[in-house]
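Each remark here refers to the structure printed beneath this line.
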Amino acid sequence: MFKASGLSPTFMGSYNTLCNLSNVTHITKDGNNLFIMTNDTTHEPAMLQEPDYVPAQNVDNTQYEEEHADRFTVNGRTMTVDELTEYTHYQANMAALIQLGNWFDYLRANGVYNNTRIIIVSDHGQALGQFEELMTDDGLDAEGFFSLMLVKDFDAKGFKTSEKFMTAADTPMLATQGVIQNPVNPFTGNVISSNEKTEHDQYVFFSYSWSVEENCGKQYVAGDWYTVHDSIWDKNNWQLVGKDTILTKED
């Protein structure tokens, strides 16, 4: 399980971009700027050489995994990692974060880290069954909705975690907060805020038929609808409200 040969072209394409961020970064003193970047390194899991989490033609992590098997328990919470897909997902995430850290060091060295707000957000998690607390009684693995969100504000120091209920849709609010007064969506004219998130339970849709090519343009493919609020770690906060349901735009 801890050995692999060969390189994944799809992983390498995205990973090499992260490795070269400092080479494609041009720093100027020209006003305020917004940069949006997407990268699929974590979307293409691969077996990487530990402890540096780098690609190699021949990987052998046997000794490292035997010596560091306890690293998946943090603050009393254990993440199950005992299958190949769980290891490769973990390693791809580690590789991405390490390379982003290298780029942040570059920004620090060039004096443009403290005066930036950096938001890292993923579009979804992965249902790997790694947390018993996220497995609901009806079989939903809420880890699939547990996306990553990291925020480094202007002049921020230190590191802390928060259990506050957040969604990927909070990103525009986080990006504009304190920067743009009374921000609005330029396409809809709607006010950018997170008020809706706390005024009622949030709806989430679960289906493995995710491709837009299966969407006729007026309806989503059949799937399960859940409501969720407050702590996602509390199974009682998840509620199935629609099984194998098709939702149309008119709904």
Side chain to side chain, T80 and D82, heavy atoms closer than 4.5 Å: yes

D60 side chain vs T62 backbone, donor-acceptor pair below 3.5 Å: yes

From SG (C19) to CG (N102), nearest 0.5 Å: 8.0 Å

Verify same cluster id: F165, W238 (apolar side-chain graph, 4.5 Å): yes

Distance in Å, E143 CD paired with F131 CZ, rounded so as to fall on 0.5 Å steps: 5.5 Å

side-chain hydrogen bond (donor to acceptor under 3.5 Å, both in side chains) assessment of Y226 paired with D138: CA-CA 11 Å; Y226 288 82; D138 62 3; 3.2 Å; yes

Side-chain touch W233/E163, heavy atoms, less than 4.5 angstrom: yes

Non-hydrogen atoms of I232 and L134 that approach each other most closely: O-CD2, 3.6 Å

Main-chain N/O of L140 paired with T136 side-chain donor or acceptor, under 3.5 Å: yes

Heavy-atom donor-acceptor pair, R117 side chain to K152 backbone, under 3.5 Å: no

Aromatic contact, W225 with F206 (centres under 6.0 Å): no

Non-hydrogen atoms of S147 and D123 that approach each other most closely: CB-C, 4.4 Å

Test item: N185 side-chain N/O and T188 main-chain N/O as donor-acceptor pair under 3.5 Å: yes

Flag, side chain of T167 to backbone of A169, donor-acceptor distance under 3.5 Å: yes

Any H43 side-chain heavy atom under 4.5 Å of H124 side chain: yes

Heavy-atom pair of closest approach, residues G223 and F205: CA-CE1, 3.5 Å

Between CD on residue Q130 and CD on residue E83, distance to nearest 0.5 Å: 9.5 Å

Co-membership, hydrophobic cluster, residues L174 and L148, 4.5 Å side-chain: no

Stepwise side chain to side chain contact (heavy atoms under 4.5 Å, CB included) test for N190 and V184: CA-CA 5 Å; N190 295 333; V184 298; over 6 Å; no

Pairwise side-chain contact, K197 with M166, heavy-atom cut-off 4.5 Å (strictly under): yes

Closest contact, heavy atoms only, N237 versus S231: ND2-O, 2.9 Å

Y90 and F72 aromatic centres sub-6.0 Å: yes

D170 side chain to S194 side chain, donor-acceptor N/O pair below 3.5 angstrom: yes

T227 backbone acceptor or donor facing Q239 side chain under 3.5 Å: no

Interatomic spacing from CG in L21 to CG in N16 - rounded to 0.5 Å: 11.0 Å

N23 side chain to Y106 side chain, donor-acceptor N/O pair below 3.5 angstrom: no

Aromatic contact, W103 with Y113 (centres under 6.0 Å): no

ILVMFWY network linking L97 to F104, side-chain heavy atoms under 4.5 angstrom: yes

Hydrophobic cluster identity match, L128 and L84, side-chain contacts under 4.5 Å: no

Atom pair OG1/CG of T41 and L100 - distance to nearest 0.5 Å: 8.0 Å

Same cluster (ILVMFWY, side-chain, under 4.5 Å), I120 and M149: no

Partner of N61 under side-chain contact (heavy atoms from CB on, under 4.5 Å), chosen from Q49, E66, H68: Q49

Donor + acceptor pair across side chains of D30, T28 (<3.5 Å): no

Side-chain donor-acceptor contact under 3.5 Å, N39 with S14: no

Side chain to side chain contact (heavy atoms under 4.5 Å, CB included) assessment of I119 paired with T171: CA-CA 8 Å; I119 303 173; T171 305; 4.1 Å; yes

Main-chain N/O of M135 paired with K235 side-chain donor or acceptor, under 3.5 Å: yes

Under 3.5 Å donor-acceptor, D40 side chain and F11 backbone: no

Heavy-atom closest pair, residues Q91 and L48: OE1-N, 2.7 Å

Heavy-atom side-chain proximity of K243 to L240 below 4.5 angstrom: yes

More than 12 heavy atoms from other groups under 6.0 Å of NE2 on H229: yes

Gap separating the CG atom of N115 from the CG atom of L107, nearest 0.5 angstrom: 9.5 Å

T17 side chain to G13 backbone, donor-acceptor under 3.5 Å: yes

Heavy atoms from other residues, nucleotides or ligands near CD1 of I27 exceed 12 (cutoff 6.0 Å): yes

Donor-acceptor contact present, side-chain D234 to main-chain N236, <3.5 Å: yes

E132 CD: over 12 foreign heavy atoms closer than 6.0 Å: no

Minimum heavy-atom distance E50-Y64, with the two atoms named: OE1-CD2, 3.1 Å

E67, CD: over 12 other non-hydrogen atoms inside 6.0 angstrom: yes

